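Scroll down for the structure; my scribbles are underneath it.
Source: prediction; values computed, not measured.
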Amino acid sequence: IDTIKNCVVVYIDDIPAACGAFKPFSEDTVEIKRMFTDPEFRKKGLGSAIVKELENWAAELNFEKAVLETSQDLKSAISVYEKNGFYRIPNYGQYIGIEQSVCYEKEL
């Protein structure tokens, strides 16, 4: 986590409720990482808000695409990504061959 410099944290009443980050993946692509919403704050749109903020930030830094990996068991996370325009791609990098992993991409 020390090497991830682009991070967003949402606080509700001084309580950290959700977070997400991105790191450069290639010259024109970022990888979204560390997405999490505290169970107490789920179903409030925080995941979508963080994804949109990360996308905007990456675009401001001239990145053109975002990729991410999640577990096929995290149906609510998959729903957030798909609702926000991410589409499934073949697993990349360290996720190739890992059946539990699903990977997504979006043009920024």
Side-chain angles (χ1 to χ4, degrees):
I1 193 77
D2 293 343
T3 61
I4 299 178
K5 300 185 183 340
N6 303 92
C7 186
V8 173
V9 180
V10 173
Y11 288 87
I12 297 177
D13 296 328
D14 296 324
I15 299 168
C19 64
F22 70 80
K23 68 178 187 175
F25 182 74
S26 69
E27 187 174 301
D28 68 345
T29 304
V30 296
E31 183 177 27
I32 293 180
K33 307 287 286 178
R34 308 293 186 241
M35 290 290 297
F36 178 77
T37 302
D38 185 294
E40 181 179 336
F41 298 102
R42 291 184 182 161
K43 305 283 186 195
K44 299 181 184 311
L46 299 179
S48 287
I50 288 174
V51 167
K52 289 174 186 168
E53 183 63 29
L54 293 172
E55 290 174 12
N56 290 339
W57 195 359
E60 287 172 5
L61 296 173
N62 297 315
F63 288 98
E64 298 172 9
K65 283 193 301 188
V67 296
L68 61 88
E69 178 275 342
T70 191
S71 169
Q72 67 181 0
D73 295 334
L74 297 176
K75 303 297 184 201
S76 59
I78 290 170
S79 175
V80 167
Y81 301 134
E82 290 179 350
K83 180 172 60 174
N84 284 283
F86 281 80
Y87 54 90
R88 191 157 176 191
I89 59 171
N91 287 8
Y92 60 84
Q94 66 191 22
Y95 308 112
I96 294 171
I98 299 177
E99 290 184 29
Q100 283 296 109
S101 289
V102 289
C103 294
Y104 285 84
E105 179 178 278
K106 181 178 180 181
E107 300 287 326
L108 301 176

Report task. To the nearest 0.5 Å, tell me how far Cys7 SG sits from Lys33 NZ. Result -> 13.0 Å

Query raised in the report: Can you get from Phe63 to Val8 by hopping between Ile, Leu, Val, Met, Phe, Trp and Tyr side chains that sit under 4.5 Å apart?
Result: yes

Query raised in the report: Within a strict 4.5 Å, meaning less than it, do heavy atoms of the Leu61 and Phe22 side chains meet?
Result: yes

Report summary line: Closest heavy-atom pair, Lys44 versus Glu40, reported as atoms and distance to 0.1 Å, is CE-O, 4.0 Å

Query raised in the report: Hey, what's the ring geometry for Phe25 with Tyr92, parallel, tilted or perpendicular (30° and 60° as the breaks)?
Result: perpendicular

**Report entry** Set of residues satisfying salt bridge (charged side-chain N to carboxylate O under 4.0 Å, His left out) with respect to Lys52, sequence neighbours excluded
**Finding:** none

**Report entry** Approximate separation, where rounding is to 0.5 Å, of Leu68 CG and Glu31 CD
**Finding:** 8.0 Å

Report task. Kindly determine whether Glu82 and Tyr104 satisfy side-chain contact (heavy atoms from CB on, under 4.5 Å), including the steps that lead there. Result -> CA-CA 9 Å; Glu82 290 179 350; Tyr104 285 84; 2.8 Å; yes

Query raised in the report: Are Ile96 and Ile89 connected, step by step, through hydrophobic side chains (Ile, Leu, Val, Met, Phe, Trp, Tyr) whose heavy atoms are closer than 4.5 Å?
Result: no

**Report entry** Gln100 CD to Gln72 CD distance, which is reported to the nearest 0.5 Å
**Finding:** 4.5 Å

Requested in this report: Determine which pairs satisfy side-chain hydrogen bond (donor to acceptor under 3.5 Å, both in side chains) with at least one residue from residues 54-68, sequence neighbours left out, and list them in order.
Outcome: Glu55-Lys106

**Report entry** Which residues share a side-chain contact (heavy atoms from CB on, under 4.5 Å) with Val80, sequence neighbours left out
**Finding:** Ser48, Val51, Asn84

Query raised in the report: Quick one: hydrophobic cluster around Leu74, which other residues, with the 4.5 Å side-chain cut-off, linked directly or via members?
Result: none

**Report entry** Closest heavy-atom pair and its distance - Ile50, Cys19
**Finding:** CD1-N, 3.4 Å

Report task. List in chain and number order the residues that pass salt bridge (charged side-chain N to carboxylate O under 4.0 Å, His left out) with Glu69, two or more places apart in sequence or in another chain; answer none if no residue qualifies. Result -> none

Report task. Considering non-hydrogen atoms only, spot the tightest contact between Thr37 and Ala18 and give its length. Result -> OG1-CB, 3.6 Å

Query raised in the report: Which residues, ordered by chain and number, are linked to Tyr11 in its hydrophobic cluster, where ILVMFWY side chains connect at heavy-atom gaps below 4.5 Å, directly or through other members?
Result: Val9

Query raised in the report: If you take all heavy atoms of Asn91 and Ser101, which pair is closest and at what distance?
Result: ND2-O, 3.1 Å

Requested in this report: Heavy atoms only: give me the nearest Leu54-Gly20 pair and the separation to one decimal.
Outcome: CD1-C, 3.8 Å

Report task. Taking all non-hydrogen atoms of both residues into account, name the closest pair between Ala58 and Leu108 and its distance. Result -> CB-CD1, 3.7 Å

**Report entry** ILVMFWY network linking Ile78 to Ile32, side-chain heavy atoms under 4.5 angstrom
**Finding:** yes

Report task. Could you walk me through whether Thr70 and Phe86 pass the side-chain contact (heavy atoms from CB on, under 4.5 Å) test, one step at a time? Result -> CA-CA 12 Å; Thr70 191; Phe86 281 80; over 6 Å; no

